[in-house]
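Right, one structure below, let's go through it.
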Amino acid sequence: MALLGCGVSIVLQTWPADVIWLLPLRALQGFCFAALVQSIFLVVTLESAENRRGVYIGLANSTLTIGQIIGSLLGAGFGALLPLEWAFAAMGLAFLSAAGWLALTAPRQRLAHAALPYHPKEVKNE
């Protein structure tokens, strides 16, 4: 859902004629991106073995950081080569394509009823 929200919020930024209309769309984009990062970490936590979880979370964090750097460079390149509306459309369509691919390939049954690992020893009610 977060990936879909990112794509929709970016694509919608192609239409506003005034800067003031971009503010709510940018806020929506920020909420969706924050949810996307947390969703990625949840899936990594659920899909990794307990003894390797830290490695995979670190790898996911590094991959997200590299993606932010490369995404900014690509966004600037699209903005320089294309009209700004087309740059937003291209980036939004990339997110929407990823959301569509994920919807078709993700194991819905397993993630729909997911719960974080619970360790009674770690909970202290003192």
Side-chain angles (χ1 to χ4, degrees):
M1 293 301 294
L3 194 56
L4 180 64
C6 289
V8 169
S9 66
I10 293 171
V11 169
L12 288 176
Q13 291 178 44
T14 62
W15 285 291
D18 193 37
V19 174
I20 196 73
W21 290 105
L22 281 176
L23 294 176
L25 293 175
R26 294 294 287 183
L28 176 64
Q29 180 183 352
F31 288 127
C32 292
F33 271 88
L36 179 61
V37 171
Q38 300 307 314
S39 299
I40 290 169
F41 285 132
L42 174 63
V43 171
V44 169
T45 300
L46 294 173
E47 294 294 321
S48 59
E50 187 174 347
N51 63 340
R52 303 288 293 166
R53 190 165 291 142
V55 172
Y56 291 123
I57 289 175
L59 182 62
N61 189 31
S62 298
T63 303
L64 287 169
T65 301
I66 291 169
Q68 287 176 336
I69 294 168
I70 292 172
S72 296
L73 292 172
L74 287 175
F78 282 141
L81 297 174
L82 301 171
L84 200 53
E85 296 85 9
W86 284 102
F88 278 110
M91 289 185 288
L93 288 175
F95 276 94
L96 291 174
S97 298
W101 174 78
L102 188 62
L104 293 173
T105 62
R108 283 184 213 110
Q109 196 68 12
R110 195 159 131 196
L111 290 177
H113 303 290
L116 287 174
Y118 172 70
H119 301 287
K121 294 183 279 184
E122 296 176 6
V123 178
K124 296 179 182 174
N125 293 329
E126 300 174 328

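We number each residue from 1, following the sequence as shown.
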Is there a side chain to side chain contact (heavy atoms under 4.5 Å, CB included) between F33 and I10 once you walk through the steps? CA-CA 11 Å; F33 271 88; I10 293 171; 4.1 Å; yes
If I take atom [atom1] from residue [X] and atom [atom2] from residue [Y], how far apart are they, to the nearest 0.5 angstrom?
X: W101; Y: L96; atom1: CH2; atom2: CG; result: 15.5 Å
X: N61; Y: F41; atom1: CG; atom2: CZ; result: 4.5 Å
X: S97; Y: L3; atom1: OG; atom2: CG; result: 9.5 Å
X: T45; Y: Q38; atom1: OG1; atom2: CD; result: 10.0 Å
X: F88; Y: L82; atom1: CZ; atom2: CG; result: 12.0 Å
X: L28; Y: Q13; atom1: CG; atom2: CD; result: 8.5 Å

So which atom in [X] and which in [Y] form the shortest heavy-atom distance, rounded to 0.1 Å?
X: S9; Y: L25; value: CB-O, 4.2 Å
X: S48; Y: R53; value: O-NH2, 3.0 Å
X: E85; Y: T14; value: O-CG2, 3.1 Å
X: A2; Y: S39; value: CB-OG, 4.2 Å
X: G7; Y: F95; value: CA-CB, 3.5 Å

Is [Y] reachable from [X] through a run of I, L, V, M, F, W or Y residues, each pair having side-chain heavy atoms under 4.5 Å apart?
X: M1; Y: V8; value: no
X: M91; Y: L22; value: no
X: I57; Y: L64; value: yes
X: V37; Y: V44; value: yes
X: L59; Y: L46; value: no

Should we say atom CD1 of I20 is surrounded by more than 12 heavy atoms from elsewhere, each under 6.0 Å from it? no
Other residues, nucleotides, ligands: >12 heavy atoms within 6.0 Å of Y56 OH: no
State, yes or no, whether a side-chain contact exists between L12 and W21 at a heavy-atom distance under 4.5 Å. no
